[in-house]
Q: 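Here it is: the structure, laid out below.
Everything numeric in this text was worked out from a predicted model, so none of it was measured.
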Amino acid sequence: MSVLPRVTELTRERSSREFDDLGPDAFMAEIKADLRQHNPELLDMASRWAAGGGEASSLMTAFSMFYRLLASEARGQLDSSSLYPLPRVSVEVRDAIVERIDRTDSETFTHEAIDNLETRNPELLQMAHGYASRRPDYGRTMQGFALLHEALLIQS
């Protein structure tokens with residue numbers, strides 16, 4: 001059983017309003033500071049994913065929303081903002097994912113990871129799909145979201 005929360009439509013709407021209220025720069029600064037402190041491996045994975053495509057800033061903003069959705073839902077379940085709600089991705093998990101991709105292939109990994117995302121977190125998948133469908137590199141964008149979700153899922 002995963003400890004990753006299932007994002008609700010209410011959380012998705014609330015996070016969108018927070019993003020609009022804060023503005024993208026402040027929103028990004030807050031998420032990056034949180035990740036540097038609590039989940040540097042995940043931040044590194046997201047940064048590498050974003051740097052590999054066009055519009056790295058836009059991809060990082062989308063990842064930040066993806067991350068915020070999970071963190072907000074988890075905090076709501078914990079009923080406390082003082083605890084870090086998501087698993088901290090370890091180097092070992094990151095290496096295991098790389099090994100799994102090498103063993104199968106990136107397409108198989110991506111399909112399995114997207115299936116996991118769809119089964120476990122359809123609202124989060126909807127957010128990822130909505131963002132990716134507005135990009136010319138839909139497949140690569142969805143692959144990144146699936147990779148990051150899978151890292152958190154495996155770590156949990």
Q: Just wondering, do M28 and M60 contact through their side chains at under 4.5 Å, heavy atoms?
A: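 They are in contact (side-chain heavy atoms under 4.5 Å apart), so the answer is yes.
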Q: Quick check against the 3.5 Å criterion: does Q155 have a side-chain atom that pairs as donor or acceptor with the backbone of S90?
A: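 Yes; judged by distance alone, with no hydrogens or angles, the pair exists.
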Q: Taking only residues two or more places apart in sequence, or in another chain, which ones meet S64 in a side-chain hydrogen bond (donor to acceptor under 3.5 Å, both in side chains)?
A: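 Testing S64 for side-chain hydrogen bond (donor to acceptor under 3.5 Å, both in side chains), a comparison that skips the adjacent residues, returns none.
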Q: Mind checking what makes side-chain hydrogen bond (donor to acceptor under 3.5 Å, both in side chains) contact with E107, not counting sequence neighbours?
A: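 Partners of E107 under the side-chain hydrogen bond (donor to acceptor under 3.5 Å, both in side chains) test: none.
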Q: Who passes side-chain contact (heavy atoms from CB on, under 4.5 Å) against Q37, sequence neighbours left out?
A: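 side-chain contact (heavy atoms from CB on, under 4.5 Å) list for Q37, sorted by chain: empty.
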Q: Only counting residues at least two apart or in another chain, list the ones meeting salt bridge (Lys or Arg N to Asp or Glu O under 4.0 Å) with R103.
A: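 Only E99 meet the salt bridge (Lys or Arg N to Asp or Glu O under 4.0 Å) criterion with R103.
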Q: Strictly by modelled atom types, are S15 and R68 linked by a side-chain donor-acceptor pair under 3.5 Å?
A: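 There is no such pair between these side chains.
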Q: Could you check if a side-chain atom of R135 sits within less than 4.5 angstrom of a side-chain atom of S58, using non-hydrogen atoms only?
A: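 Yes, side chains in contact.
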Q: Is any side-chain heavy atom of L70 closer than 4.5 Å to one of P5?
A: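 P5 reaches L70 side chain to side chain.
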Q: Using only heavy-atom distances, determine whether the side chains of Y67 and N39 contain a donor-acceptor pair under 3.5 Å.
A: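 There is no such pair (donor and acceptor under 3.5 Å, judged by atom type) between the side chains of Y67 and N39.
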Q: Treating S133 as the side-chain partner and G130 as the backbone partner, does any N or O pair qualify as donor plus acceptor under 3.5 Å?
A: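 Confirmed, S133 side chain pairs with G130 backbone.
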Q: Is there a path of hydrophobic side-chain contacts, each under 4.5 Å between heavy atoms of I/L/V/M/F/W/Y residues, joining L22 to M127?
A: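 Looking at the clustering, L22 is in the same group as M127.
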Q: Can you tell me how far apart CD1 (I101) and OG (S106) are? Round to the nearest 0.5 Å.
A: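 I101 atom CD1 to S106 atom OG measures 7.0 Å (nearest 0.5 Å).
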Q: Is any side-chain heavy atom of S72 closer than 4.5 Å to a side-chain heavy atom of V7?
A: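 A side-chain contact is absent here, since even the closest heavy-atom pair is not under 4.5 Å.
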Q: State, with a plain yes or no, whether a side-chain heavy atom of M142 is found less than 4.5 Å away from one of L125.
A: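 The answer is yes; the side chains approach within 4.5 Å.
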Q: Identify, with sequence neighbours excluded, every residue that meets salt bridge (Lys or Arg N to Asp or Glu O under 4.0 Å) alongside R100.
A: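 Counting only residues at least two positions away or on another chain, R100 forms a salt bridge (Lys or Arg N to Asp or Glu O under 4.0 Å) with E112, E150.
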Q: Salt bridge (Lys or Arg N to Asp or Glu O under 4.0 Å) with R94: which residues, sequence neighbours excluded?
A: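 Result, salt bridge (Lys or Arg N to Asp or Glu O under 4.0 Å) vs R94: E41, D44.
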Q: Report the residues that fulfil ring pair (Phe, Tyr, Trp, His ring centres under 6.0 Å) with F145, sequence neighbours left out, ordered by chain and then residue number.
A: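 Partners of F145 under the ring pair (Phe, Tyr, Trp, His ring centres under 6.0 Å) test: W49, F66.
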Q: Could you work out, with side-chain hydrogen bond (donor to acceptor under 3.5 Å, both in side chains) as the rule, every residue matching T110, not counting sequence neighbours?
A: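 Only Q143 meet the side-chain hydrogen bond (donor to acceptor under 3.5 Å, both in side chains) criterion with T110.
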Q: Checking T8 now: which residues fulfil side-chain hydrogen bond (donor to acceptor under 3.5 Å, both in side chains) with it, not counting sequence neighbours?
A: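 With sequence neighbours excluded, T8 shows a side-chain hydrogen bond (donor to acceptor under 3.5 Å, both in side chains) to T11, E73, given in chain and number order.
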Q: Listed by chain and number, what are the salt bridge (Lys or Arg N to Asp or Glu O under 4.0 Å) partners of D115, not counting sequence neighbours?
A: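 Residues passing salt bridge (Lys or Arg N to Asp or Glu O under 4.0 Å) with D115: none at all.
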Q: How would you list all residue pairs meeting ring-ring contact (aromatic ring centres under 6.0 Å, His included) that involve residues 97-135, not counting sequence neighbours?
A: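 Listed once each, the pairs are H129-Y138.
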Q: Quick one: salt bridge (Lys or Arg N to Asp or Glu O under 4.0 Å) pairs with a partner in residues 56-65, sequence neighbours left out?
A: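 Salt bridge (Lys or Arg N to Asp or Glu O under 4.0 Å) check on residues 56-65 returns no pairs.
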Q: If only atom types and distance count, is the side chain of D137 paired as donor or acceptor with the main-chain N or O of R140 below 3.5 Å?
A: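 No, the answer is negative, given that no donor and acceptor are paired below the 3.5 Å cut-off.
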Q: Taking C-beta and beyond as the side chain, do E123 and L69 meet within less than 4.5 Å on heavy atoms?
A: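 E123 vs L69: side chains apart.
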Q: Hey, are the side chains of L147 and R48 touching, using non-hydrogen atoms and a 4.5 Å cut-off?
A: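 The answer is no, as the side chains (C-beta and beyond) never meet within the 4.5 Å cut-off.
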